[in-house]
Amino acid sequence: MIPLGAVVTPYSQGVTTMHELQANLLAATAELMSRAGMRRMITRAGTGGENYIDFGVGNGRRRSKTLILPNLARGATVSILGLLESTGAQVTRWLFNGQAGTGTRQILHFGDSGRCVLALSKVAVAAHYRALYTDRYDDIVANEDSATANRIRADIRVAPERSRLIFRDAYDQPEIVELPPESLSLPLFRALRGEVQQLDADGFAHLTPLLDTGRYALEVAQRDDGQYGLGRGFDLPSGRRMAA
């Protein structure tokens, strides 16, 4: 457990992990749950694996279940294949197009046909490539003649300022849903992974509207110095608890 006084690296300093992508997938999952009429809260963020991420969901009365979001990441965009629920079977599988298989139940299905696409923000695209190439990233993008650098620059150039979900109906008409910026979705994702997030008053004020949606099973503790700790209830150290 991280103490409430722990210093969390400010988002503005940059993070060379895949958390920006995963945080956007968390926000996408919350939106899809609302569209599916699911009233449960996200209680846990998993790490997932290649082409999927998983989340625990519950309503406080029943045992938490696991949602699975199959997806295909392609540089600046992610094709959302569907939303599945694990049935609790020992084997959990789904088809390549996101349809339910052994041990899963279908909640939503889009397939890899452009019906639901996550367009990542410039920040998330840059973070994705920086995490992918780690120490070589700066050298790669500095090479004007590099095909890889040209692809990275092109992906960042076409990316929106904020990540968004793009839905298309049977007539190919788009519906765009703006997602929270990474400065908000990252603390939520990390808190749901069990890492207590330290927030100042402004940071907490910006997060409050998302916490008020009731989509995330997180709690807030306030310190005497005015700082806030955001985390799952059993991860938070002692302090004055506040309703999230």
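What you are looking at is a predicted structure, and each value in this text was computed from that prediction instead of being measured.
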Gap separating the [atom1] atom of [X] from the [atom2] atom of [Y], nearest 0.5 angstrom:
X	Y	atom1	atom2	result
D145	N150	CG	CG	8.0 Å
I80	L165	CD1	CG	6.5 Å
R232	T43	CZ	OG1	8.0 Å
L108	M38	CG	CE	9.0 Å
M33	F55	CE	CZ	10.0 Å

Checking the side chain of [X] only, and the main-chain atoms of [Y] only, is there a donor and an acceptor separated by less than 3.5 Å?
X	Y	result
T213	L210	yes
T92	S86	no
K122	A159	yes
E144	A142	no
R115	H109	yes
S163	N24	no

Which heavy-atom pair separates W94 from P70 by the least distance, and what is that distance?
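Minimum heavy-atom contact is NE1-CB, 3.7 Å.
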
Tell me, yes or no, whether the heavy-atom count around H206 atom NE2, taken from other residues, nucleotides or ligands under 6.0 Å, exceeds 12.
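At most 12 heavy atoms, drawn from other residues, nucleotides or ligands, come within 6.0 Å of this atom.
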
Within 6.0 Å of CG in D224, more than 12 heavy atoms from elsewhere
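Open.
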
Single-linkage hydrophobic cluster, 4.5 Å side-chain cutoff, [X] and [Y] together:
X	Y	value
L69	L95	no
L132	I53	yes
L21	L72	no
F110	Y52	no
L120	L81	no

Would you mind reporting whether [Y] and [X] have side-chain heavy atoms less than 4.5 Å apart?
X	Y	value
T148	Y133	yes
L230	L207	yes
N97	D112	no
E20	H128	no
T77	I166	no
L83	I68	no
T104	Q106	no
L179	S185	no

Identify whether the distance between the nearest side-chain nitrogen and carboxylate oxygen of R35 and E175 falls below 4.0 Å.
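Answer for the salt bridge query: yes.
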
salt_bridge(D135, R130) N-O dist < 4.0 Å
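Here D135 does not pair with R130 in a salt bridge, since their nearest N and O are not under 4.0 Å apart.
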
Cut-off 3.5 Å, side chains only: do Y129 and D155 have a donor facing an acceptor?
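There is such a pair (donor and acceptor under 3.5 Å, judged by atom type) between the side chains of Y129 and D155.
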
For R215 and S34, which I'm curious about, is there any donor-acceptor pair between the side chains at under 3.5 Å?
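Short answer, yes.
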
State which residue, out of R164, R162, E182, fulfils the side-chain hydrogen bond (donor to acceptor under 3.5 Å, both in side chains) condition with S121.
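Going through R164, R162, E182 one by one, the side-chain hydrogen bond (donor to acceptor under 3.5 Å, both in side chains) with S121 is satisfied by E182 alone.
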
Parallel, tilted or perpendicular: which one describes the rings of Y228 and F204, with boundaries at 30° and 60°?
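Answer is parallel, since the angle falls under 30°.
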
Using the rule salt bridge (Lys or Arg N to Asp or Glu O under 4.0 Å), only one of K65, R193, R44 pairs with D54; which is it?
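Among K65, R193, R44, the one meeting salt bridge (Lys or Arg N to Asp or Glu O under 4.0 Å) with D54 is R44.
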
Under the side-chain contact (heavy atoms from CB on, under 4.5 Å) rule, collect the residues that match up with D200, sequence neighbours excluded.
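Listed in chain order: D202, Q227.
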
